[in-house]
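Contents: one structure, followed by commentary.
In what follows, every heavy atom counts, from backbone to side chain, and hydrogens, waters and symmetry copies are set aside.
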Amino acid sequence: MKSSAMKKKELAPEDAKLCANCGKVLIGEYDYVKTKRGTEMYFCKGLRCGRAKKR
């Protein structure tokens, strides 16, 4: 007996969000920016990927 909670949920291609800095698939928390032109951009929460590159 498998419960519905145990089934693996897969992301649809239109639901997948990519970080604008590093290009990784964002799972969980992320930052969202909508520009004046209407472009939607997503970033790792707190720009973690940007901090890792500077070190």
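- Minimum interatomic distance between Leu26 and Phe43 (heavy atoms only, all atoms of both residues): CD1-O, 3.9 Å.
- Legend: residues meeting ring pair (Phe, Tyr, Trp, His ring centres under 6.0 Å) with Tyr42, ordered by chain and number and at least two apart, are Tyr30, Tyr32.
- Between Met41 and Thr35, some side-chain heavy-atom pair lies under the 4.5 Å cut-off.
- Sorted by first then second residue, the salt bridge (charged side-chain N to carboxylate O under 4.0 Å, His left out) pairs that include residues 32-44, not counting sequence neighbours, number zero.
- The closest side-chain heavy-atom distance from Cys44 to Asp31 is not below 4.5 Å.
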